[in-house]
Structure formats: structure tokens, C-alpha cells
Amino acid sequence: MFSEPGINRSSMLDGLNAEQERAVTSTEGPVLVVAGPGSGKTRVLAHRVAYMIAERGVQPWHILAVTFTNKAAREMRERLERLIGPEQARKLTAGTFHSTCAKILRRDGHLIGIDPRFTIYDDGDQIDAVRQSLKALNLDPKQYGPRPILSRISKAKSQFIGPERFAEQTESYFEEIAARVYEQYQQILKRNRALDFDDLLGEALRLFEEQPDALRRYQEWYRYVLVDEYQDTNRVQYLLVKALTSEHRNLCVVGDPDQSIYGWRQADIRNILDFKRDFPEAAEVHLEMNYRSTSSIVEAADHVIRANTQRIQRRLRTENPPGDRIVIRESYDEGDEAQFVVSEIRRLARSGRYQFRDAAVMYRTNAQSRSIEEAFVRSEIPYQIIGSTRFYERAEIKDAMAILRLIANPSDTASLQRLIRNTRLGKGIGAKTMSQIDHWSYLTGQPAFVALAALDGRSHLAPPEVGSRAAKLLADVHATIARLHEESTRTHPSELFDRAVEMTGFAEQFRDTGDPELLDRWDNVLQLRNVLTSYDILPESEALQTFLEESALIADADTMDESGNQVTLITLHAAKGLEFPVVFLVGAEEGILPHARSMENDAQLEEERRLFYVGVTRTKERLYITHAFRRTVFGTPDVTVRSRFVDAIPKSLIESVNARPAARSALSNSGKPAAAAISRPVPVFKVGDRVFHDRFGDGRVAGVKPVSGDQEVTIDFKRHGQKRLLASLANLKLG
DNA sequence: TGGTTATTTGTTTTT
DNA sequence: CAAATAACCA
């Protein structure tokens, strides 16, 4: 039974320490909460909202809680349900910046000329738009990579700098180019009635600036605003929050500068300083007691982060027992590393102390998940990968989504192009025809769909010049989509989907085929359809729109499944905010963590250190840090150097360093090979020896270097060139 | 036009 | 190594 409202005071503040209580009860006016890892931040946030509602009589719909992921929003609501009941909890607004802004723009965007049917462009769509812009400007995409240009545009947008202002303040030739692309890019988005991720925030801010009445309405509505993960907000997000709260000034921000890991996404640490400037009356609360981790882990984390100079020095505290030591393990290569992780997890599971679900493997780059995943597949231990192989990035899903997006917003030319390229409906319409349409769009400023309408005799505009055969086909496309679009407001999404995949001939390409791969893909499409059915209960007029919006704005972390008993594989970035009893931090090597591309300056390096720190502090009990002697990156194997971050951990907290089981026994005394090493005998090599390797084949020893109880041999392989290998691990045979 | 193969290019991190 | 693009042929 849930507690009734009017709850006694103690239950809201029950079990909170003095600082936590202060964070919960300072409900009026601005508050800055600096919350260290594991300091009960999530709990405090939920209790604060509950307290406001139950004790201070604040109406739940007057509260806006902005979280970093939808999952965090969901968790907040769930906690709240337990505290004040589902009735009240449901009335709270909780969501990410992006989803909140999207909703605001659907409702009020028309005031600043935004079509409420707008499509949200994801990363891939954005790149396409940049490519198109380059083409329209006759610039060579080889010379100016779309990726760097897009990131420059995104950076400008995150600072609320529009194309005009950006063009005025360019500082290099590259920026000149970017400025021209930026302008063109915006035109393309506008023409397609599309907004990219940055626009969702930027346009919402523009709405607030240009329409004071609308802003006042939202200010009146959201009288209390909470922002979680404040250290990762950018300029525009700050300005949004500031605008929203400038009247009532009830703003509570929660963050931890030591966990700021999104600088590259224009998260601006100045937001904390500016908060104090713009809200000088703000109360400040520091949560420093760690309730999550063993003291070994807390101490290790503290030693790591201490090396950052751009930092308010403070120390982490815990009253937890020391627990297990941290295991640091050197593997031979990524395969061996993965194998170690798997067998260690199995060992822990067998011991009965942990389940699979208690463990997570964390890495710097998605690419690293490959070797780990292979080991899991072989071991038959259940696992889930967060991000990486994203469902919505599969070709067949993108195709199906394009159809749905097009139905919702026929002006979305990117989706139209996809449909024409990949379905029977577009068969016979080639690149030449499409570029004619493109040109027409450029001249008229109208989306491609209008060109199709003109060819179908449904527009007063003069149709583009295309071949008569193509004209007929395009008119057909127009008729089909127009019909589906018209039906969409009175048809359940799943039914609409069924009609759409038939009418476009999309379903057809998967049918009557024994090809197991095709069957597999169709299975994915059906999975998508299954997701759609859950939107059938919504009113037909908005169901499709809601689905598209939610699927565009899901974060990787949102897809985490906590119901099954499986190991989680996740990037360090996505792991922010999570915790696990057992954590494997893999690939702790220079060039990976810190990443090679983040070693140029101190600011970047310190962010990498924070990332490592985030990984360490996710751990409740057992932390493993692994690095490999040799790693194949890019198809080229290379000898690695252990990450400097590992070396910052005091030896007293470490259980074993450089555990190379076979290595120690390889050379027992005076360089003579041990008769029986634990696993296999390792020969002693000298220059000139002929050897055989399982993968590299025949070779000749070119050099030998003794390393702690082992040999590092350099070998010229006949087929694979020169390699450096560790004798004890390479399994070389004397030939 | 469309599908195939050869070459080439590149991997941070993500709403 | 493998995904993505370019050249190539049908």
C-alpha cells in the first residue's frame, strides 16, 4: 500500500544525513548541489520533489525535472511513486532537455514559424544534409570532410550562434567554409521541416526570447525547476533554464564537476560559475559522503582525480569497509583480456557471491566491445551491449522508419530519398532524376515532395524537368504518400505501418525467399512493428508523431534492460549515473584511455581522467582494471603502454599487478626453461631461431629482450613482417 | 540504371 | 580489419 499524501515529516526526511536534508528542504530560491559519486544524489532529488509536494503544498505539475536520460526521468518518477503515490507522481514533468524542448516546440513552435509536424534529424541525417550543402556550394566533400564541418556547426549552435553571426566572426579558412555550409545547411533543414538535436534546444530558446508571452506561460507553469547532471549542460541549456526561472528563481541544479565528461559536446563548466553570478543568493550544498563503494574504491578514485589541476580540491569520504582489493591485470592481447573477463565473471558466478547481472564491462570506445562480445558469445554467458549496434541504425529499420517519417512529414526529403532508393515504389528513379529534383528544390525553396506534387498535377508550381517515364513514377510516389499521410491522422500506427509497407512494396522484398539473412531482417522489421503497437492506444491524431519523437530521442542508456540476469557491456560515457557491484574497466592503456585524440592539451587529458574516475566510481565492490600487452588497433597490432591513470592508484589497494600466470614460471632459474610450466612449456629463444606461430606462420627471431621473468622476442615473419611478442603468451614453437 | 567488385579510408565519446 | 566509397561493367 502506498503512503497517503499528508505523510508525516519524518518519512520524507528519513535516513538522510544533515547535508542531504538541507538539499531536500531548501525548496525556495536557487540551490546548487555539488554531489560526489555515490552520495545519494538520486535519492535526494526524489525526496526533494516529494517533500515539496507533500510538505510544502507545491502542485506536482508546477515542477519540471530535467534529467540526462529518459531512464533517469523514469527512475525519478518511480521513486516518487513510492514516496507520494502514483497519482501525484504522474503529474510531474520529467524528461531530458531535448524531449522537453521538442514538446514545447510542437505546441508553440508555430509562433516562430516552425511546422508542428517537424522531423527530428539524427546524426546520419545531419551528415547527409551537410553533404548536400557541400554539393550545392560546389565544394568537394573530399577536401572538406562533412564530419568536422558538422561538428563546427554544432558547436556554434550550442553557443546560440546563428549562421549570420558565425559568418561575421570566422577565424580561419576552415571556418569560412563552415560558415557557408552552415547557412546552406539551415536552409535545407528548413525546407525539409526538420530540426536537428541542437535546434531543439536553440529554437526553444529563440521561442522564449522572441515570444515573451509564451515564456511567461511556461514560467507560470514550471515554477520549480530541477536540473540533474548540471556539469554536462551547454550554453543554450543554461540560457533556457535561466529564462525559465528568471521570475520565480526556484532553480535547483545538481552536478559534479569531477564527472564532467561531455566537454566535446560543448558542455560548459562556466555554467556553474555563471549560476553563482546570476543567482548570487543561491544556497550551496555539498554531498561528499559516499554510500556506494568500498573504501578501497573510494580511496583509489580519490587518488586518481587528485591529479587534475583544474579542480576544486575536496576529498571523498566513506564509512564503508575496505572490501576487496582492486585487481589490475595485464593480458597478452584483447582476446586474452576478453577471456579473462569472461572466466572471472564465471568464477564469481560459481562462487555464488555474484550473479551475471551484477557485473559490467566498461570501455572507452565502442570498437572495443567487439572482442569482448566474441568471448561472451563463446562462453554462452548472457550479456547486453548498450549502444554500439543500435537497433535503429540497421538498414532495414532505417528504411522502415523513413517511410513512417515521410508519412508524418512529407517535406522530409532525406526520408523521401531513402524511400525512392530502397523500395519498389521508387524503382526506376535514379540519381540523375533525383539531382534534377534537387536542383528544382534549390531554385524554388520547396521540398522535393512539392516537386512530386507538381508532377502529379497537385501543385500550382511548374513541375521540374524530368523524363516522362520518371515523371510518371514520381507522380505515383506522390499519390501513395499523400494518401498515407492523409490516413495517418485516423489510423492506428501498426495498421498504418502494415498499409505503408504494402503500398510502398517494402514488405515485398523480404517475402518468398529462403535467404536466412533476409528473414532475419524482416524479423527486425516485425520487432519495430511490435514497438509500434504499443502506440495504438494513443489517439490516432498524435500516435505516430509521439512514436517518432520518442524513438528519435532515446539515449543508449535508456535501452538498458535491468530485468534479465545478464552482464552489461557499456561505454564509460554511457555508464555515467549507473552502478554495479562488479566492474571491469578494460583497455587501460595510453592511447585508449586516455584516448590518443584527447592527449593534445591538458583540458582534454583531464577530461579523460574524469572519464576513468567515472568508471572507477561506478563500482560498488569489486573493481578489475585490465590492459593488454599488445593490442590490434585498425588491423595493426602494436605493443601498448599501461595507462598513467592506473599508476595513480596506490599499491596498497591493488591485489595483483602484471599477473601473467605462464610468464613467471617460464624461466625458473638462470635462464633455463622450466621443465613444466603451469600451463605449457615456454622455450627460450635466441636470435636466429626459426619459429612457428599459430597465426603468423613461419618466422625467424631477430631480437630478444628479457623482461621480468619472460622474454620479449622480435620476429621477422615470412608473411606478416616484423612483430614483437611476449614469449610466454605467444605460444611460439621452435622449428 | 543498377549491381558488382576494387580500392581506399578511417575509430573517441552521443542527445 | 571492415565499412564505406569509387570505379566498373552489364
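Below, chains carry the letters A, B, ... as their sequence lines are ordered, and counting in each starts from 1. Predicted model only: the values in this text are computed from it and were never measured.
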Rounded to whole Å, please give me the gap between [atom1] in [X] and [atom2] in [N].
| X | N | atom1 | atom2 | result |
| --- | --- | --- | --- | --- |
| Asp558(A) | dT15(B) | CG | C1' | 10 Å |
| Asp268(A) | dT15(B) | CG | P | 20 Å |
| Ile127(A) | dT15(B) | CD1 | P | 16 Å |
| Lys155(A) | dT15(B) | NZ | P | 21 Å |
| Arg265(A) | dT14(B) | CZ | P | 9 Å |
| Gln266(A) | dT14(B) | CD | C1' | 12 Å |
| Asp638(A) | dT11(B) | CG | C1' | 15 Å |
| Asp125(A) | dT15(B) | CG | C1' | 14 Å |

Would you please classify the geometry between the [Y] ring and the [X] ring as parallel, tilted or perpendicular, with 30° and 60° separating the classes?
| X | Y | answer |
| --- | --- | --- |
| Phe208(A) | Tyr218(A) | tilted |
| Trp264(A) | His573(A) | perpendicular |
| Phe547(A) | Tyr535(A) | perpendicular |

Of the nucleotides [options], which one has an atom closest to the side chain of [X]?
| X | options | result |
| --- | --- | --- |
| Thr365(A) | dT13(B), dT1(B), dG10(B) | dT13(B) |
| Phe634(A) | dT15(B), dT13(B), dT11(B) | dT11(B) |
| Phe197(A) | dT5(C), dT15(B), dT14(B) | dT15(B) |

Does a side-chain N or O of [X] approach OP1 or OP2 of [N] to a distance below 4.0 Å, or not?
| X | N | value |
| --- | --- | --- |
| Arg631(A) | dT11(B) | no |
| Asn366(A) | dT11(B) | no |
| Thr433(A) | dT1(B) | yes |
| Arg370(A) | dA2(C) | yes |
| Ser99(A) | dT15(B) | no |

Do Leu572(A) and Leu593(A) come close enough that some side-chain heavy atom pair is under 4.5 Å?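 Yes, close enough: below the 4.5 Å cut-off.
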Quick check: Phe68(A) with Tyr230(A) (ring centres under 6.0 Å apart)?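 Centroid distance Tyr230(A)-Phe68(A): not below 6.0 Å, so no.
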Indicate, with a heavy-atom threshold strictly under 4.0 Å, whether Thr69(A) touches base, sugar-phosphate, or nothing.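 No contact.
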Between Arg597(A) and Ala470(A), which has a closest nucleotide on DNA chain B that is more 5'?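 So the residue in question is Ala470(A).
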Is there aromatic stacking of Trp264(A) on dT13(B) here, judged by a ring-centre distance under 5.5 Å and a plane angle under 30°?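 Check passed, Trp264(A) stacks on base of dT13(B).
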